[in-house]
**Student:** 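One structure coming up, written as structure tokens, with questions to follow.
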Amino acid sequence: MNPHAALIRDIPDFPKPGVVFKDITPLLRDAAALRDVIGALAGTVRGERVDVIAAIESRGFIFGAALATALGAGFVPIRKPGKLPARTVGVDYALEYGTDRLEIHADAFAPGARVVLIDDVLATGGTLLAAKDLIKAVGGELVAATVVIELAFLDGRRRWGDGAPLHALWRY
Ligand SMILES: O=P(O)(O)OC[C@H]1O[C@H](OP(=O)(O)OP(=O)(O)O)[C@H](O)[C@@H]1O
Ligand SMILES: Nc1ncnc2[nH]cnc12
């Protein structure tokens, strides 16, 4: 059950015809709802030692940075191409409405760093899987991934595979 379902808005045909876009901006501007979401994200990794939150540009940054502060963890950005200034590792991927590339700094993690991956939406799973691969490629130990919204009808979870658990606060 999502107590804040009314704060997630369906926008038909954005950014392309046929896509129903889950708009989280009404939720973000609601102070109590935003606090609840950050608390719920923290709940998905309660009891785990977490050194770093890694989050995906750009909507993932909103939740990831707030969660890092709440948990007393650090923050590592996984960015769209050409944005990170030092040496990077990158991967091309497909998402629900296009293709893109994600990059991470090659030295993003201290040895043995325990990492939680955060994003706002799991749709086809291409983005989250690309981020998982990058974290592993640069030596992070992935503890879990958590998304706020899972579009279960797109079956992205099927691609996630074994290893770290994949949590979702709300499923559609
Ligand atoms: O599961 P998938 O099909 O891969 O789609 C999920 C991704 O799509 C959106 O990102 P987008 O690239 O639109 O970036 P944004 O956060 O900058 O809006 C969303 O924030 C997820 O990262
Ligand atoms: N339908 C959707 N709504 C919001 N973000 C998305 N990212 C990928 N698909 C999405």
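All ligand and atom numbering here is 1-based and tracks the order in the structure. Computed over heavy atoms, backbone and side chain alike; hydrogens, waters and symmetry mates excluded.
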**Student:** Looking at Arg157 and Asp155, is any side-chain nitrogen of the basic one under 4.0 Å from a carboxylate oxygen of the acidic one?
**Tutor:**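 The answer is no: the pair does not qualify as a salt bridge.
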**Student:** Would you kindly confirm whether Val45 and Val148 end up in one hydrophobic cluster when ILVMFWY residues are joined by side chain heavy atoms under 4.5 Å apart?
**Tutor:**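 Yes, Val45 connects to Val148 through the hydrophobic network.
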**Student:** Identify the protein heavy atom lying closest to atom 8 (O) of ligand 1, giving its residue, its atom name and the separation to 0.1 Å.
**Tutor:** Leu95 CD1, 3.4 Å
**Student:** Please tell me whether Val143 and Leu67 are part of a single hydrophobic cluster in this structure, the criterion being side-chain heavy atoms less than 4.5 Å apart.
**Tutor:** yes
**Student:** Which ligand 1 atoms does Thr124 reach within 4.0 Å, using its non-hydrogen atoms?
**Tutor:**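 Near Thr124, meaning under 4.0 Å from one of its heavy atoms, ligand 1 has 1 (O), 2 (P), 3 (O), 4 (O).
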**Student:** Identify, for atom 2 (C) of ligand 2, the protein heavy atom at the shortest distance, and state residue, atom and that distance.
**Tutor:** Glu96 OE1, 3.5 Å
**Student:** Counting from 1, what ligand 1 atoms have a heavy atom of Val121 closer than 4.0 Å?
**Tutor:**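 So the atoms of ligand 1 that pass are 6 (C), 21 (C).
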**Student:** Does Asp10 come within less than 4.0 Å of Lys22, counting only side-chain N to carboxylate O?
**Tutor:** yes
**Student:** Given Arg59, Arg157, Arg159, Glu150, identify the one with the heavy atom nearest to atom 16 (O) of ligand 1.
**Tutor:**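 It is Arg59 that holds the nearest heavy atom.
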**Student:** Identify whether the distance between the nearest side-chain nitrogen and carboxylate oxygen of Lys83 and Glu103 falls below 4.0 Å.
**Tutor:** no
**Student:** Quick test: of every protein heavy atom, which one is nearest to atom 13 (O) of ligand 1, and how far off is it to 0.1 Å?
**Tutor:** Tyr97 OH, 2.5 Å
**Student:** Note the single closest protein heavy atom to atom 7 (N) of ligand 2, along with its residue, its atom name and the distance in Å.
**Tutor:** Tyr97 OH, 3.2 Å
**Student:** Among protein heavy atoms, which sits nearest to atom 5 (N) of ligand 2, and what does the distance come to when rounded to 0.1 Å?
**Tutor:** Arg59 NH1, 3.0 Å
**Student:** Please verify the inter-ring angle class for Phe21 with Tyr97; under 30° counts as parallel, over 60° as perpendicular, anything in between as tilted.
**Tutor:** tilted
**Student:** Go through ligand 2 atom by atom and flag the ones less than 4.0 Å from a non-hydrogen atom of Ala123.
**Tutor:** 8 (C), 9 (N)
**Student:** Mark yes when over 12 heavy atoms from residues, nucleotides or ligands other than Lys80 sit less than 6.0 Å from its NZ; otherwise mark no.
**Tutor:**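 Yes, NZ of Lys80 has more than 12 neighbouring heavy atoms, counting only those of other groups under 6.0 Å.
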**Student:** With the threshold set at under 4.0 angstrom, would you say Leu151 reaches ligand 2 through any of its heavy atoms?
**Tutor:** yes
**Student:** Quick test: of every protein heavy atom, which one is nearest to atom 4 (O) of ligand 1, and how far off is it to 0.1 Å?
**Tutor:** Thr127 OG1, 2.5 Å
**Student:** As an exercise, identify every atom of ligand 1 less than 4.0 angstrom from a heavy atom of Gly126.
**Tutor:** 1 (O), 4 (O)
**Student:** Do Leu102 and Val115 sit in the same hydrophobic cluster, where Ile, Leu, Val, Met, Phe, Trp and Tyr count as joined when their side-chain heavy atoms come under 4.5 Å apart?
**Tutor:**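 Linked within one cluster.
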**Student:** In terms of atom number and element, which parts of ligand 1 are under 4.0 angstrom from non-hydrogen atoms of Asp120?
**Tutor:**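 Checking each atom against Asp120, I get 19 (C), 20 (O), 21 (C).
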**Student:** Tell me the protein heavy atom at minimum distance from atom 3 (N) of ligand 2, and give that distance in Å.
**Tutor:** Lys22 N, 2.9 Å
**Student:** Output yes when Arg101 and Asp92 qualify as a salt bridge under the 4.0 Å nitrogen-oxygen rule, no when they do not.
**Tutor:** yes
**Student:** Is there a donor-acceptor contact under 3.5 Å linking the side chains of His4 and Asp36?
**Tutor:**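 Their side chains do contain a donor-acceptor pair, which is all the 3.5 Å distance test asks for.
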**Student:** Tell me whether Val20 has any N or O atom under 3.5 angstrom from an N or O of ligand 2.
**Tutor:**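 Right, the criterion is met.
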**Student:** State whether Arg171 and Glu150 are salt-bridged, where the test is any N-O pair (Lys NZ or Arg NE/NH1/NH2 against Asp/Glu carboxylate O) under 4.0 Å.
**Tutor:** yes
**Student:** Ignoring hydrogens, just give me the one of Gly98, Gly125, Gly156 whose non-hydrogen atom is nearest atom 1 (O) of ligand 1.
**Tutor:** Gly125
**Student:** Could you tell me whether some N/O pair between Ala123 and ligand 1 is separated by less than 3.5 angstrom?
**Tutor:**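 Among all N and O atoms of Ala123, at least one is under 3.5 Å from an N or O of ligand 1.
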**Student:** Let me check something: do Trp160 and Val116 share a hydrophobic cluster, defined by ILVMFWY side-chain heavy atoms less than 4.5 Å apart, either directly or through other members?
**Tutor:**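 In one cluster: no.
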**Student:** Which atoms from ligand 1 have a heavy atom of Glu96 less than 4.0 Å away?
**Tutor:** 3 (O)
**Student:** Considering only heavy atoms, does Asp119 approach ligand 1 within less than 4.0 Å through its side chain, its backbone, both, or neither?
**Tutor:**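 The answer is the side chain.
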**Student:** Please list the nearest protein heavy atom to atom 12 (O) of ligand 1 with its residue and the distance rounded to 0.1 Å.
**Tutor:** Lys80 NZ, 3.3 Å
**Student:** Please report whether ligand 1 has a polar contact with Tyr93, defined as an N or O pair separated by less than 3.5 Å (distance criterion only).
**Tutor:** no
**Student:** Tell me which protein heavy atom sits closest to atom 15 (P) of ligand 1, plus the residue, atom name and distance to 0.1 Å.
**Tutor:** Ser58 OG, 3.5 Å
**Student:** Would you say Asp120 has any N or O atom under 3.5 Å from an N or O of ligand 2, going by distance alone?
**Tutor:**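 Looking only at distances, the answer is no, because the N/O contact criterion of under 3.5 Å is not met.
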